[in-house]
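Proteins come first, then strands; the chains are lettered A, B, ... in the order of their sequence lines, and each starts at number 1. Predicted model, so just to flag it, every value in this text is computed and none were measured.
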There are 2 protein chains.
Amino acid sequence: MSLRFAERAPDAHGHQLLIGRLLDSVLQTAPDQEIVYRDRVRLTYRSFHDRLGRLANTLGAAGAGEGTVVAVMDWDSHRYLECYFAVPMMGAVIQTVNVRLPPAQVLDTLDRAEAEILLVHRDFLPLLAAMGPLPERVRAFVLLEDERTGAPIPSGFLGEYEALLAKAAPEHAFGEFDENAIATTFFTSGTTGRPKAVQFSHRQIVLHTLAALGPWGNSPGTRTFGIADVYMPLTPMFHVHAWGMPYVATLLGVKQVYPGRYEPDTILKLHQTEGVTFSHCVPTVLGMVLEAAARSGADLAGWLMVIGGAPLPPTLFRAGRAKGMELVVGYGMSETAPTLTISRPLPGVAEETALLSAGMPVPLVALRVVDEHGQTVPADDSTRGELVVRAPWLTQAYAGDAAASEALWRGGWLHTGDVATQDRFGTLRIRDRLRDVIKSGGEWLCSTSIEHVLLELDGVAEVAVVGVPHPRWGERPVAVVVAKPGLSVSTEAANALLDQEIAAGRLSRYARLDRVDVVEALPRTSVGKIDKKLLRAARAATAETAASV
Amino acid sequence: MSLRFAERAPDAHGHQLLIGRLLDSVLQTAPDQEIVYRDRVRLTYRSFHDRLGRLANTLGAAGAGEGTVVAVMDWDSHRYLECYFAVPMMGAVIQTVNVRLPPAQVLDTLDRAEAEILLVHRDFLPLLAAMGPLPERVRAFVLLEDERTGAPIPSGFLGEYEALLAKAAPEHAFGEFDENAIATTFFTSGTTGRPKAVQFSHRQIVLHTLAALGPWGNSPGTRTFGIADVYMPLTPMFHVHAWGMPYVATLLGVKQVYPGRYEPDTILKLHQTEGVTFSHCVPTVLGMVLEAAARSGADLAGWLMVIGGAPLPPTLFRAGRAKGMELVVGYGMSETAPTLTISRPLPGVAEETALLSAGMPVPLVALRVVDEHGQTVPADDSTRGELVVRAPWLTQAYAGDAAASEALWRGGWLHTGDVATQDRFGTLRIRDRLRDVIKSGGEWLCSTSIEHVLLELDGVAEVAVVGVPHPRWGERPVAVVVAKPGLSVSTEAANALLDQEIAAGRLSRYARLDRVDVVEALPRTSVGKIDKKLLRAARAATAETAASV
């Protein structure tokens, strides 16, 4: 025998998992729900849908069709959400441009993505100018701006977005096509070299959207994300589709609020006036919000935030909880669309321990923590290994980079490059980036754990711990510290605090620092992560003279 | 240009939506969660997974492989759940046999499904015997029973399920294959003739499972179904995969309780001892549970039940709410796997009005209410039309019945055969089965609405209203009533009550009954629905003499 396949009536609808299908139910269930842009625009889902037709007709007139790459350079806006839907619904590909990269790299990403149409916010015209001549392939430009200021529309532009939409017809026959067609493309942040292109198909995004609904069950003490929520992204929409949450929010039919450029006071004002209840961001943005709220006295109680992108320091978690926020941790990466896991309260486990872990895989995610031979390590919460994953929404390759693609997928599992542990209940803890692990005296030191301890030290505002080559120990940890204004941080004080953790068995004795370097600021990548590669490189040169342990 | 497709690393995992993938995350997140069968068996998800391997090895030894149809005749049990997973995970097809059909029809369904292996509970051995000779194709039998009673294993059987599993190895290499392979098959209940075969692929079941998680957002006043719940099905597992909820429950990793044969006292006892919080059933079973609870004084507070399969009478809804139950209505059918919509509280709408509607479509469901020309009728909550749907989990054909398949899918939409209205908020109300609508004086009368009024009448225990041919009016409504013990029901009393509703504008004046027929019992189909076809047929013959209006 062999597999059986069903008969099919001639007219049976052969349903493809297309991004447009995410709208099928919500146009019935929430047609009057709002989509808000700052204090400037209020749409309903019904008018949003109408505008998708207008946008598609506008782009079509500009030459867009199946396979055309349409690049967007905007702050978080209703316009961006419209592009998230209308561009892929045409069979075209949306490139979400990382506007924080240097001009030459932005140019490089537009070129490699084969962008033909560019939607550019007025704020990024200087960036566009700084790129120099664009590839000939780029043949149409649309200006995005919040209000007509009287400033001229640059020459060569088709016009301004709102004016173009107003002129276009709302009816557009979005077709049906193969769910494996590419819907989106963007570039990884390039902490390990030239940005790499990742791509996601309609099918992958639809499945990611459905699975992201999965973990929000009614665990006691956990809020769910649902129709009574008001959603505001605080992760840039160029960064992994704002973690895919605009698609989830739209599928649920919740009210959505787009904050434009991230300004703490605007964010807090929108939170209050629009009644925002659900957001997601990196720890840095959480810190920024908490700081602004401390200044203004804003009430943050009940605001649920998913934190990801970098480890959430316990101090920041406690500060958020003290303001009544609900904080959970998500884990993923650009290559994984991004959601892989999310933390939740666990019966019999301290809140902080449960919520600060990377949590549990969402539906359809298979994960393993493996040693260098690909063997699963014991699930004892302490044996470290690399986290490898499978799920239906993982990038299948870095476009145009066969060697990196092969490395990413060696052995049939996607290699995250993160060092993790797992306990017998499945709780995952991310211990470090594989390349940030410090190997000293034959032991793996977790730089994040050392950093979290050092953040408790008086005078430490920010800290990054990196490994510096050492002739005897292989590597030794060095802490690069930004001190609080008027305070200093000494190697002795830092090691005294670490010694307590070592004595308590919570850190390896190799975690004692070689030294503390006090600097004015830490270098960051375009998505706001600390650039440890730079820190290491700067210190490798002088490492030969490092003090003995 | 044409659609773009992504490059793929040679080892990239080409993820197929297979039923086995539903277990990937839960074996990490809930390995110690329980699966309980009555007071007899307690498994964990870990041991459940182990048993799937044993079952696959047992079935493999019996000749099962890709494409083999394995038929199951059991009460709701952990064994059935194991077959829900292990059989399709082998690439084989599970036939969930409707054991309430007459023996000749059961035989017919086994024959048409091409079943080769039969798993039979001892309780159904008499049914098996009554079928007479089985098709030659059926070549292996496994006995299911709750305890070894010493009764002999029938000749020709391979053995008893538990004994066979105990002998088998737990390791089984479940392969990966095309997600479009058929996973399950069963037969519609045949209210309109010979049962029709429907089939669902792995992809369809996985997508149905993910979408069924979708509507459980945190609407104010709505409980979600999540990891803190304890699940017990009260819809037979042969009936549309128990509405797909065992797959949802397993994906979530909740504790599951299987009640075996439905006995009210056992159900109430399991509800209490196991802490059941979530179930689903037809109105008849809800009535049975409420009756048993009234007798025993059992506490039902907080028990969330999804009611479907037939309209939920307001009287029954109120009785459940009075006991503290949380009741919502789901809508779907065998051909739709089944979930299409679910009701939820709506701001500004009376609880009963919102929850007794068919509610809102779940994610990825597109629905329309259309007239006989396929045009969408106004969404004014009163214009009736046929409900037609699209979703990724709809049966693509009735196997071996091209004419019925074409009719089901005419115009590219699945025709539900249900008459519905929709309001401007998207709320769907099912008004009647298309074939149960009474067309009188050029108006469509809703038999369900008349029935719900008559249930308020003293003396009425059960009622079905059907249309009877009439030379002048086309059809006229007749109520077939089961009276409460010692009470009687007159046509005059019934019409007096209906007159009040007519005067209030809630019913058409054509709703006045031609007559009331008092009977001892209403005929029911194998899944417990009132068989209106029979009622109509019996009355059509005598209709010529019907009284005038």
Please determine whether a side-chain nitrogen of the Lys or Arg among A:E406 and B:R8 lies less than 4.0 Å from a carboxylate oxygen of the Asp or Glu. no
Pair count under 4.5 Å, heavy atoms only, with chain A: among B:L207, B:T427, B:V93, highest is B:L207
The interface call for B:A391 against chain A, heavy-atom contacts under 4.5 Å, is backbone
One option among A:S2, A:A397, A:A12 has the most heavy-atom pairs under 4.5 Å with chain B, and it is A:A12
One option among B:Q204, B:Q16, B:E7 has the most heavy-atom pairs under 4.5 Å with chain A, and it is B:E7
CZ (B:R21) and CG (A:L364) are apart, to the nearest 0.5 Å, by 9.0 Å
If one checks every heavy atom of B:A181 against chain A at 4.5 Å, the contacting part turns out to be both
- Message: With heavy-atom distances below 4.5 Å as the criterion, would you say the side chains of A:H13 and B:W413 are in contact?
- Response: no
The interface call for A:Q199 against chain B, heavy-atom contacts under 4.5 Å, is side chain
Okay, B:L251 and chain A: the region with an atom under 4.5 Å from a heavy atom over there is side chain
Is any side-chain heavy atom of A:R344 less than 4.5 Å from a side-chain heavy atom of B:I227?
yes
Most heavy-atom pairs under 4.5 Å with chain A, out of B:V254, B:L408, B:D32, belong to B:D32
Counting heavy-atom pairs under 4.5 angstrom with chain B, the leader among A:A9, A:G426, A:P10 is A:A9
Answer with yes or no whether the side chains of A:Q28 and B:Q422 bring together a donor and an acceptor at under 3.5 Å.
yes
The reported gap from CG in B:N180 to CZ in A:F5 (rounded to nearest 0.5 angstrom) is 6.5 Å
Turns out that what part of A:A399 lies under 4.5 Å from chain B's heavy atoms comes down to both
Honestly, the part of B:F200 sitting under 4.5 Å from a heavy atom of chain A is neither
Whatever's closer than 4.5 Å to a heavy atom in chain A on B:S201 counts as neither
The interface call for B:P392 against chain A, heavy-atom contacts under 4.5 Å, is both
Of A:G65, A:G253, A:G400, the largest count of non-hydrogen pairs under 4.5 angstrom with chain B goes to A:G400
Next item on the list: Taking A:R4 for its side chain and B:G67 for its backbone only, find out whether a donor-acceptor pair lies under 3.5 Å.
Entry: yes
Worksheet item: Got a salt bridge between B:E179 and A:R203, using NZ or NE/NH1/NH2 to carboxylate O under 4.0 Å?
Response: yes
Evaluate the side-chain proximity of A:V362 to B:S25: yes if any heavy-atom separation is below 4.5 Å, no if none is.
no
Cut-off 4.5 Å, heavy atoms of chain B, and the answer for A:L17 is both
Flag side-chain contact, heavy atom, 4.5 Å: A:L367 against B:D24 = no
